[in-house]
S.K.: 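Mind having a look at this structure? Questions to follow.
All chains are named by letter (A, B, ...) in the order of the sequence lines, taking the proteins before the strands, and each is independently numbered beginning at 1. Values reported hereafter were calculated over all heavy atoms of this structure, with side chains retained and with hydrogens, waters and symmetry mates removed. All figures in this text were calculated on a predicted structure; none of them were measured in a lab.
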Number of protein chains: 2
Amino acid sequence: MHTAITIDALKVLDAIDRKGSFAGAAGELFRVPSAISYTVQKLEEDLNIAIYDRSGHRATLTPAGRYLLEEGRTLLEAAENLAHTTKQVAQGWETRLRIGFNTLLPAECLFPAIRAFYDLGVPVEVQIIEEVFAGSWDALQSRRVDLIVGADQLSKPAGTFTTKALGKMNFVYAVAPDHPLAAATQPLAEEDIARYPAAVAADTSRSLPPGHAGIFRRQPTITVANIDQKIAVQQAGLGVGWLPESRIRSQLREGQLIALDVHDVRQPIMLHLARHAEDQGKALMWFWKTLSQSEELTSWLET
Amino acid sequence: MHTAITIDALKVLDAIDRKGSFAGAAGELFRVPSAISYTVQKLEEDLNIAIYDRSGHRATLTPAGRYLLEEGRTLLEAAENLAHTTKQVAQGWETRLRIGFNTLLPAECLFPAIRAFYDLGVPVEVQIIEEVFAGSWDALQSRRVDLIVGADQLSKPAGTFTTKALGKMNFVYAVAPDHPLAAATQPLAEEDIARYPAAVAADTSRSLPPGHAGIFRRQPTITVANIDQKIAVQQAGLGVGWLPESRIRSQLREGQLIALDVHDVRQPIMLHLARHAEDQGKALMWFWKTLSQSEELTSWLET
DNA sequence: TATGCATGTTCGAATTATCTGAAGTTGTTG
DNA sequence: CAACAACTTCAGATAATTCGAACATGCATA
């Protein structure tokens, strides 16, 4: 049960090639030439192949030896990287960080931070997961995610969490320009609104029954998975409802959606960063600090 | 100058995880438990990290230990594969095989053979290189390629080569349907032809001056890189000339090109496989045998 | 609660692997 | 031809790894 290839043997092959001789490699590795001879011959014996052609004065690599040298360099580098990255993990870098973000915010608000994080070169896999309504807190509490970007204060569960306010998300009541409500008398009354399907994003919380979105009236609804779909559905005139103002700036400007006055106004929501109070991983704390100061993120909110 | 990670240590970590205990791993590796303890502790000391949490009865992996185990498995597999593939190279498989093919043939005639070759699972990198006219033999002689598919007998150079006939390539004189020559009296005379640009594929031989394609008259030419381009240029009505009949079967059938009778007919060319007589690599001989019997290849030729 | 068994560690000694230094062979260069 | 370089062989020295015995601790069962 013996492994033929060892990291040390590959190092020796590499040094021989770079220095041009067994003697040169011996010098670099602080060994004597016969030790180099021994290592090479042991490798040849264990693999049962000839790595060097010794018919000349100077040993030359066989095709198999050349192949082993070149592929072996890849392995050497991987072994060195693994030692390095393992140490980084031991120093507190998580191997994985899952970031949940409220669908009220666009995924791209996280991209600059993620890009900067990858530039650090630490071995952490970053995952981003979109959540709707109470899904954000639920995901954090049940540890489906490690960090929440855009958690509200309404559905915060029991437990010790650390939060930081990011800014307010405003809402507008938006309809497509050719929707009947676009021509109705403003401010819109509840009975006017109730006549048309509401576009509703389905809560991603796993603790609540499906379809529970704070709607108990008999208004018909179109259920979608996230805010992007809600915007699209309302833009297509299939549904009506509240939308985050910053998310539909261009649609409002270009007339693809129309903001209406409503009798019962939906209040802005303060959105937060949130994490478990006891979590202190280096990647988590890095993102906490970076996203606390992210202009890309706050450009979608009112501070 | 000491490498922390060894292949053996990674094997030990793997066995511990699979067997669920140090004792289990010791059994599998035919060692005693204290030898396992020693290996793990040596690795921890060399990396200067804790791989196992020993606060319980049974040692459990730290996050860094888990990371090392999982990434280390990749390295273990790579090392085993390298030993295997190196042995294959030593047994006569080349690390690389360059196949030159005459542009008169389509690249896809080689694909079934290449696919079958990859199914062998041997560590040989296959490259295909297109050649025009004398470029085929030139590439073989100067060892830019190891095998030629579609070598003619006209430009065969000095040297000891092994050849095998594959079949004949027929030629037709083809023009676009709206080209003036399409309405000319047949068989076309030389003076009729000379009035329009000839489409010419540039010889890829490096031993000849550029532009040397057997044309010494003052007929204007459009020079292209290969037969596919020659077909396209002639189909667009920009040039005229001889084309391999099998390569333009569908164009002739659909009327995108028209075959004309010419006074001076171009004779068919016998195409061959060719290699250096002394080359006997396993991959080379595999392709030699396979392509000798390839129906995909001979479907483009007349046998 | 006591007992038996499993798990992992410590430690000195045994065993194995690797390295060293000296002598030797062969090729290359001035 | 002499000097030097390159690599090998071989016995002995050194270093690394494994072993076996004793030990400490946790867990399951009677």
S.K.: Quickly work out the A:E44 CD to D:dC7 P distance and round it to whole Å.
M.R.: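 Going from CD in A:E44 over to P in D:dC7 covers 13 Å.
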S.K.: Using a cut-off of less than 4.0 Å, is there contact between a side-chain N or O of B:Q41 and OP1 or OP2 of C:dT10?
M.R.: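 It does, given that an N or O in the side chain of B:Q41 lies less than 4.0 Å from OP1 or OP2 of C:dT10.
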S.K.: Starting at atom CZ of A:R58, determine the distance to atom C1' of C:dT26, rounded to an integer number of angstrom.
M.R.: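 Whole-Å distance recorded here is 14 Å.
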S.K.: Would you say the rings of A:F117 and A:F111 are close, in the sense that their centroids are separated by under 6.0 Å?
M.R.: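 No, the ring centres sit 6.0 Å or more apart.
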S.K.: Nearest-Å distance, CG (B:D8) to P (C:dA17)?
M.R.: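 Value for this atom pair: 12 Å.
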S.K.: Does the base of C:dG8 carry an N or O that pairs as donor and acceptor with the side chain of B:S34 under 3.5 Å?
M.R.: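 Counting by modelled atom types and ignoring angles, no donor-acceptor contact under 3.5 Å is found here.
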S.K.: At 4.0 Å (heavy atoms only), tell me whether B:A23 reaches a base, stays on the sugar-phosphate, or touches nothing.
M.R.: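 If one applies the 4.0 Å heavy-atom cut-off, B:A23 turns out to touch the sugar-phosphate alone, with no base involved.
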S.K.: To the nearest angstrom, how far is B:D46 atom CG from D:dA16 atom P?
M.R.: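 Distance check: B:D46 CG to D:dA16 P gives 10 Å.
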S.K.: Between B:T62 (side chain only) and B:A50 (backbone N and O only), is there a donor and an acceptor less than 3.5 Å apart?
M.R.: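 Pair found, side chain donor or acceptor close to backbone of B:A50.
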S.K.: Starting at atom CZ of A:F30, determine the distance to atom P of D:dA15, rounded to an integer number of angstrom.
M.R.: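 Computing the A:F30:CZ to D:dA15:P distance gives 17 Å.
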S.K.: Salt bridge or not for B:E77 and B:R73, using N-O below 4.0 Å?
M.R.: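 So B:E77 does not pair with B:R73 through a salt bridge.
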S.K.: B:K19 NZ to C:dA6 P: how many Å, rounded?
M.R.: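 In whole Å, C:dA6 P and B:K19 NZ are 16 Å from each other.
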S.K.: Could you say whether A:G56 or A:V32 is positioned toward the 5' end of DNA chain C, judged by the nucleotide with the nearest heavy atom to each?
M.R.: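 With A:G56 and A:V32 compared, the 5'-side residue is A:V32.
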S.K.: Assess the side chains of B:E125 and B:Q127: does a donor N or O sit below 3.5 Å from an acceptor N or O?
M.R.: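 Per modelled atom types, B:E125 and B:Q127 side chains form a pair under 3.5 Å.
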S.K.: To the nearest Å, how far apart are B:I36 CD1 and C:dT10 C1'?
M.R.: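 Rounded to whole Å, this separation is 16 Å.
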S.K.: Expressed in angstrom and rounded to an integer, what is the separation of B:I7 atom CD1 from D:dA16 atom C1'?
M.R.: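 Value for this atom pair: 18 Å.
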S.K.: Given C:dC19, is OP1 or OP2 found less than 4.0 Å from the side-chain N or O atoms of A:T39?
M.R.: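 Looking at the OP1 and OP2 atoms of C:dC19, one of them is under 4.0 Å from a side-chain N or O of A:T39.
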S.K.: Taking the side chain of B:R31 as its heavy atoms from C-beta onward, which of C:dG8, C:dG27, D:dT18 lies nearest to it?
M.R.: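 For the B:R31 side chain, the nearest candidate turns out to be D:dT18.
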S.K.: Return yes if some donor-acceptor pair links the side-chain N/O of A:D146 with the main-chain N/O of A:R98 below 3.5 Å, else return no.
M.R.: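 Side chain of A:D146 to backbone of A:R98: a pair is present.
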S.K.: So, is A:Y38 close to the C:dC19 phosphate, meaning a side-chain N or O under 4.0 Å from OP1 or OP2?
M.R.: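 It does not, given that no N or O in the side chain of A:Y38 lies less than 4.0 Å from OP1 or OP2 of C:dC19.
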S.K.: Under 4.0 Å from OP1 or OP2 of D:dA16: is there any side-chain N or O of B:K42 that close?
M.R.: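 No, because none of the side-chain N or O atoms of B:K42 sits under 4.0 Å from OP1 or OP2 of D:dA16.
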